Amino acid sequence: MKAELITRFRDISPTGDGIELVIWRVPEPVPPTTHGYKYRLVYIVGGKRVVGFDNERGKGDHFHLNDAEYPYTFTGIDPLIEDFLAEVEKWKSAN
């Protein structure tokens with residue numbers, strides 16, 4: 001099986017603000033994860049990532065808030081997107 005694109009969505013304004021979501025189903029889990037997805041979801045303000053969820057090789061599932069990084073428990077695609085959007089809304093409310 002080859003990697004299969006699940007979704008790719010990008011809405012970035014000329015000022016550099018917006019969101020981008022890229023989710024792939026992959027034939028082998030990205031170490032150290034055990035699920036079969038590779039993903040990157042980001043919210044950008046002024047050209048800088050302020051919220052991000054990804055599963056980088058070697059780091060596993062995690063999320064970024066401003067300049068801090070936190071572990072994330074991946075339970076599925078729908079919860080991932082919901083969690084990302086909830087963090088974006090929290091960030092917007094606080095800023």
Side-chain angles (χ1 to χ4, degrees):
M1 169 182 137
K2 291 184 177 182
E4 173 189 353
L5 182 64
I6 304 271
T7 190
R8 176 175 283 162
F9 175 81
R10 185 171 192 215
D11 185 15
I12 307 291
S13 74
T15 61
D17 298 352
I19 64 171
E20 182 176 23
L21 291 81
V22 181
I23 304 171
W24 293 86
R25 180 175 294 121
V26 292
E28 297 289 327
V30 177
T33 66
T34 57
H35 57 77
Y37 296 96
K38 173 75 177 146
Y39 60 88
R40 180 180 75 250
L41 296 82
V42 295
Y43 176 57
I44 301 165
V45 176
K48 181 180 177 188
R49 177 190 63 204
V50 295
V51 177
F53 283 61
D54 65 281
N55 63 333
E56 181 179 336
R57 182 176 294 277
K59 288 188 175 185
D61 301 305
H62 62 281
F63 71 102
H64 305 263
L65 293 176
N66 297 310
D67 294 324
E69 186 175 303
Y70 304 93
Y72 176 70
T73 302
F74 179 90
T75 58
I77 297 299
D78 289 339
L80 169 68
I81 294 170
E82 290 169 9
D83 292 344
F84 168 70
L85 294 175
E87 288 298 331
V88 167
E89 289 307 313
K90 280 198 269 186
W91 189 92
K92 286 179 178 181
S93 294
N95 295 278

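FYI, side chains are in, hydrogens and waters are out, and symmetry mates aren't considered; it's all heavy atoms of this structure. Only a predicted model underlies this, so the values are computations on that prediction, with no experimental measurement involved.
- No more than 12 heavy-atom neighbours from other residues, nucleotides or ligands sit within 6.0 angstrom of CG on Asp67.
- Residues Val51 and Phe84 meet the side-chain proximity criterion, which asks for heavy atoms closer than 4.5 Å.
- Looking at heavy atoms from C-beta onward, Tyr72 lies in side-chain contact with Leu80 at the 4.5 angstrom threshold.
- Inter-residue side-chain proximity for His64 and Tyr43 is flagged as unmet; no heavy-atom pair is nearer than 4.5 Å.
- The shortest heavy-atom contact between Pro27 and Lys2 is CD-C, 4.2 Å.
- Criterion: ILVMFWY side-chain heavy atoms under 4.5 Å apart, direct or through other members. Under it, Leu41 and Ile44 are not part of a common hydrophobic cluster.
- Two different hydrophobic clusters hold Ile77 and Val26 under the rule that ILVMFWY side chains link at heavy-atom gaps under 4.5 Å.
- Residues Ile23 and Ile81 form a side-chain contact, since some pair of their non-hydrogen atoms from C-beta on lies under 4.5 Å apart.
- Side-chain contact between His35 and Asn55 is present, with heavy atoms from C-beta onward closer than 4.5 Å.
- Taken to the nearest 0.5 Å, the OG1 atom of Thr33 stands 14.5 Å off from the NZ atom of Lys59.
- Aromatic ring orientation, Phe74 versus Tyr37: tilted (interplanar angle from 30° to 60°).
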Which atom pairs, one a donor and one an acceptor, fall under 3.5 Å between side chains of residues 9-22 and the rest of the protein, sequence neighbours left out?
residue: Ser13; atom: OG; partner: Thr15; partner atom: N; Å: 3.3
residue: Ser13; atom: OG; partner: Thr15; partner atom: OG1; Å: 2.7
residue: Ser13; atom: OG; partner: Asp17; partner atom: N; Å: 3.4
residue: Ser13; atom: OG; partner: Asp17; partner atom: O; Å: 3.4
residue: Asp17; atom: OD1; partner: Gly46; partner atom: N; Å: 2.5

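- Of all heavy-atom pairs spanning His62 and Tyr39, the tightest one is N-OH, 4.3 Å.
- Distance check: Leu65 CG to Tyr70 OH gives 5.5 Å after rounding to the nearest 0.5 Å.
- For the pair Lys38 and Glu56, the tightest heavy-atom approach, listed with the atom from each and the gap, is NZ-CA, 3.7 Å.
- The shortest non-hydrogen separation linking Arg40 to Asp54 is CA-CB, 4.2 Å.
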